[in-house]
Amino acid sequence: MGHREFTQYIRDLGDGSDFLSTVSRSYKNHLDVEEIILLPQCFWDIAAWLEEQGVIDFNEWVRHCSENPHEDWSLSHQLMYWLWYDLSIRHRDGQPIPSNMIPEGHLLANIPANEA
């Protein structure tokens, strides 16, 4: 899913609530160039919570994903996936998650921890 398709996808997710409203923020990529990251507010909340817990440095995630793109995914798409994946692993392993937010489509819940 390229940038245009991803942008349309997250805009279609919007339901008029702040929870799913699309929010853009600027971060420097691995080339130190400002890049706009588009995510639903709930994913920004997850990123903020993970940073508060000392689990991630979102700036480093942006740089890493920028330097290591996945297929034709936009940077925003890749970051959204990483946040969802981290939340899914935490949910599956019984680790703390923000506000007991269960990841949508948490398919990893049935995969043994040593296989994820």
Side-chain angles (χ1 to χ4, degrees):
M1 178 184 312
H3 178 70
R4 190 172 292 177
E5 294 87 2
F6 178 75
T7 302
Q8 186 60 50
Y9 167 74
I10 62 170
R11 287 195 175 129
D12 289 346
L13 280 178
D15 61 0
S17 72
D18 288 341
F19 185 75
L20 288 174
S21 64
T22 301
V23 176
S24 63
R25 296 186 184 163
S26 179
Y27 283 85
K28 288 190 177 184
N29 64 21
H30 73 287
L31 300 172
D32 282 332
V33 175
E34 292 287 329
E35 195 158 342
I36 302 295
I37 308 297
L38 297 169
L39 294 174
Q41 181 59 52
C42 60
F43 282 88
W44 288 117
D45 294 346
I46 294 166
W49 184 85
L50 288 168
E51 283 192 309
E52 288 170 8
Q53 303 305 304
V55 176
I56 70 166
D57 177 341
F58 195 73
N59 291 308
E60 289 302 315
W61 274 28
V62 170
R63 289 179 176 277
H64 177 82
C65 288
S66 170
E67 191 168 18
N68 301 286
H70 178 73
E71 297 176 0
D72 70 339
W73 290 18
S74 69
L75 181 56
S76 297
H77 184 183
Q78 194 170 351
L79 290 162
M80 185 171 157
Y81 175 78
W82 273 32
L83 290 165
W84 172 84
Y85 187 79
D86 186 272
L87 192 65
S88 295
I89 296 290
R90 293 174 163 287
H91 174 68
R92 182 202 62 207
D93 292 349
Q95 297 177 15
I97 56 177
S99 305
N100 294 321
M101 182 187 294
I102 305 221
E104 184 175 332
H106 60 283
L107 303 173
L108 297 172
N110 297 323
I111 299 173
N114 61 352
E115 294 180 25

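If you read the sequence from its start, that first residue is 1, and numbering goes on from there.
- A centroid separation of less than 6.0 Å is found between the aromatic rings of Trp44 and Phe58.
- In this structure, the separation between CG on Leu50 and CH2 on Trp61 is 6.0 Å, given to the nearest 0.5 Å.
- In this view, Trp49 satisfies the ring-ring contact (aromatic ring centres under 6.0 Å, His included) rule with no residue, not counting sequence neighbours.
- Residue pairs that meet the salt bridge (charged side-chain N to carboxylate O under 4.0 Å, His left out) test with at least one member in residues 74-88, sequence neighbours left out, are Asp86-Arg90.
- Between Trp84 and Tyr81, the angle of the ring planes lies from 30° to 60°, which puts this pair in the tilted group.
- The ring-ring contact (aromatic ring centres under 6.0 Å, His included) check on His64 picks up Trp82, with sequence neighbours excluded.
- A distance-only check finds a donor-acceptor pair linking the side chain of Asn29 to the backbone of Leu31 [under 3.5 Å].
- Of all the heavy atoms in Ser66 and His30, the pair that sits closest is OG-ND1, 2.5 Å.
- The CG atom of Leu83 sits 6.0 Å away from the CD1 atom of Ile46 when rounded to the nearest 0.5 Å.
- With values rounded to the nearest 0.5 angstrom, Arg25 atom CZ is found 11.5 Å from Ile36 atom CD1.
- To the nearest 0.5 angstrom, Leu38 atom CG is 10.0 Å from Leu75 atom CG.
- Side-chain N or O atoms of Gln53 include none that pairs as donor or acceptor with a backbone N or O of Pro98 at under 3.5 Å.
- Applying the salt bridge (charged side-chain N to carboxylate O under 4.0 Å, His left out) test to every pair with at least one member in residues 29-42, sequence neighbours left out, gives these pairs: Asp32-Arg63.
- From Trp73, atom CH2 reaches atom CD of Gln78 across 7.0 Å, with rounding to the nearest 0.5 Å.
- Residues Met80 and Leu39 come closest through the heavy atom pair CB-CD2, 3.5 Å.
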